[in-house]
Protein chains: 2
Amino acid sequence: MSRFPETNAVQRLIDTLSLSDQVRHYLLDALTSGRLRPGDRINEAELARTLGISRNPVREAVSGLAQRGFLVSAPRRGHFLRRFTPQDVDDVFSFRICVESFAIRQALPRMRQPDHDDLARLVERMIAAARAGRLAELHQADMALHRRICELSGNRQTLRAHEGIDTEVQMLIAYVDLEREPPLQSALAHLPIVEALASGDVERSVAAMQHHLETTWAFVHRMYGRSGRGEPLVDAGDASPSQVRRTRG
Amino acid sequence: MSRFPETNAVQRLIDTLSLSDQVRHYLLDALTSGRLRPGDRINEAELARTLGISRNPVREAVSGLAQRGFLVSAPRRGHFLRRFTPQDVDDVFSFRICVESFAIRQALPRMRQPDHDDLARLVERMIAAARAGRLAELHQADMALHRRICELSGNRQTLRAHEGIDTEVQMLIAYVDLEREPPLQSALAHLPIVEALASGDVERSVAAMQHHLETTWAFVHRMYGRSGRGEPLVDAGDASPSQVRRTRG
DNA sequence: AAACTGTCCACTGTCTGCAGTTTATGTTTT
DNA sequence: AAAACATAAACTGCAGACAGTGGACAGTTT
């Protein structure tokens with residue numbers, strides 16, 4: 001089939017071309033970057049016009065994101081970015097602790113020196129970025145670290161679940177002016193995890209991870225706790241208070 | 001708004017109308033029932049003709065299922081039902097143990113007497129179905145029980161994750177003539193879980209659940225272990241050995 | 001003034017059609 | 001006869017168009 005050695009790489013690039021895929025990434029970026037805010041409606045026709053394409057690829061992307069729970073859809077009315085309640089924060093972070101702890105348990109026995117070095121380098125990058133005030137890079141390395149651990153677990157289910165959680169977390173913090181941990185502190189918070197992993201102590205590693213995630217959780221929770229003690233900021237989709245339903249599998 | 005009490009039910013029926021949704025359910029059923037077998041191709045046009053609709057709703061459904069990982073897509077070549085390796089079995093079941101254990105931890109403190117009664121009734125139904133040889137009902141109650149526990153956790157992330165796992169498990173066992181646990185034994189295996197929950201002992205409940213899932217895991221694993229010790233039966237999508245890629249978020 | 005009814009507009013859900021690829025078939029060449 | 005090639009069929013990806021529904025607004029009624 002492929003006579004040219006570089007065909008695979010080229011092929012992959014070409015594959016990425018599918019318009020639906022591009023739209024999906026475009027939308028995911030809009031969601032996680034805060035350009036799209038909770039409750040916002042997604043206008044298929046307008047988006048298609050903006051991107052200079054037809055509505056079909058747009059619909060496929062949007063429909064997929066709805067199936068995955070990142071958008072809520074109201075039949076015949078459109079798709080909306082979810083709204084988040086304090087409970088959503090708790091659900092996401094408690095589940096995240098569950099998943100990433102499990103990832104560590106599966107990853108650690110499989111890790112070799114190069115893997116540990118990898119993680120160490122990521123933390124160094126975080127610290128350097130924090131010192132230099134490059135917040136975007138800090139954030140990026142942060143995500144990469146957590147993701148890497150899930151990859152190292154070798155468990156595709158875990159990795160897949162983490163991807164979903166990761167997206168949710170980014171959506172949660174995207175549109176609030178988050179009262180964040182100080183950058184350097186945030187970067188340093190990952191040191192104990194990587195060190196514990198390097199020592200080979202599973203329980204210590206899990207504990208370190210849990211502690212770190214609980215700290216982050218607390219920061220995010222504080223934001224959502226403000227506008228109403230436990231009461232829903234707005235329940236998913238105020239656009240149609242009674243019958244908005246999440247597209248389910 | 002609604003003066004008529006049954007309006008909600010009616011509304012739900014009307015909402016269900018979307019063709020994409022219907023196709024999605026149709027396909028999910030085909031996947032989990034074994035009517036579609038791993039490696040099988042999904043022919044959009046043919047499916048559309050069969051259902052008497054156009055290709056658009058079909059594409060939306062298929063695309064969504066691919067994004068959720070239930071299908072693999074090969075650009076310009078089509079969508080295929082995943083193939084499964086022994087590792088997939090291990091990944092799914094180990095992760096399932098992680099998720100359902102977590103569900104119990106969150107659910108138990110929230111459970112009230114009616115909830116315990118609910119679960120007890122489900123187990124009774126399983127036992128009755130097993131004794132009567134109604135395997136379909138047994139299987140259905142089994143799934144309902146596990147799902148109910150995730151619901152009782154009150155954690156939407158957990159429930160969502162469980163839905164994905166549940167689908168994967170059904171796909172895993174759908175097309176193999178599974179060497180199953182004897183029906184009655186399978187039904188009775190759930191008793192310790194529900195009893196432990198009723199006693200309020202979290203650790204005992206978790207242990208019971210883990211034991212049960214490990215037993216099931218072993219049965220499924222045995223099937224996949226046969227055709228090659230650890231070697232992939234076939235890796236995802238032999239249709240295009242080199243460049244099948246999973247549609248990712 | 002408040003509630004109700006009817007009309008208009010925007011948008012979703014779906015269909016048909018077309019272009020470019022991939023796969024299958026048949027033919028030629030060695 | 002097997003392999004390579006050429007041609008035809010089939011399918012995916014995308015575009016454009018249409019019908020039906022929901023929502024907003026204005027006019028009307030009580």
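This structure is a prediction, so every number in the text was calculated from the model and none was measured. In what follows, chains carry the letters A, B, and so on, assigned in the order in which the sequence lines appear, proteins first and then strands, with residues in each chain numbered from 1.
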When the distance from [atom1] of [X] to [atom2] of [N] is rounded to whole Å, what number comes out?
X: B:Phe80; N: C:dT22; atom1: CZ; atom2: P; answer: 13 Å
X: B:Leu47; N: C:dT14; atom1: CG; atom2: C1'; answer: 15 Å
X: A:Leu19; N: C:dA19; atom1: CG; atom2: P; answer: 17 Å
X: A:Arg55; N: D:dA17; atom1: CZ; atom2: C1'; answer: 10 Å
X: A:Asn56; N: C:dT14; atom1: CG; atom2: P; answer: 12 Å
X: B:Glu60; N: D:dG13; atom1: CD; atom2: P; answer: 14 Å

Determine whether a donor-acceptor pair (N or O, by modelled atom type, separation under 3.5 Å) exists between the side chain of B:Asp21 and the backbone of B:Ser18. no

Could I get the full list of salt bridge (charged side-chain N to carboxylate O under 4.0 Å, His left out) partners for [X], not counting sequence neighbours?
X: B:Arg35; result: B:Asp29
X: A:Glu137; result: A:Arg125, A:Arg134
X: B:Arg110; result: none
X: A:Asp115; result: none

Does OP1 or OP2 of [N] have a side-chain N or O of [X] closer than 4.0 Å?
X: A:Ser54; N: D:dC14; value: no
X: A:Arg59; N: C:dT12; value: no
X: B:Ser20; N: C:dT14; value: yes

N/O to N/O distances under 3.5 Å, protein versus nucleotides 6-11 of chain C:
unit_1: C:dC11; atom_1: OP1; unit_2: A:Asn43; atom_2: ND2; d: 2.7

Could you please name the option among C:dT12, D:dA15, D:dC14 that lies closest to any side-chain atom of A:Ser18?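 When the side chain of A:Ser18 is considered, D:dC14 is the closest of C:dT12, D:dA15, D:dC14.
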
Contacts of type side-chain hydrogen bond (donor to acceptor under 3.5 Å, both in side chains), residue B:Asp142, not counting sequence neighbours: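 Per chain and number, B:Asp142 pairs via side-chain hydrogen bond (donor to acceptor under 3.5 Å, both in side chains) with B:His146, B:His190.
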
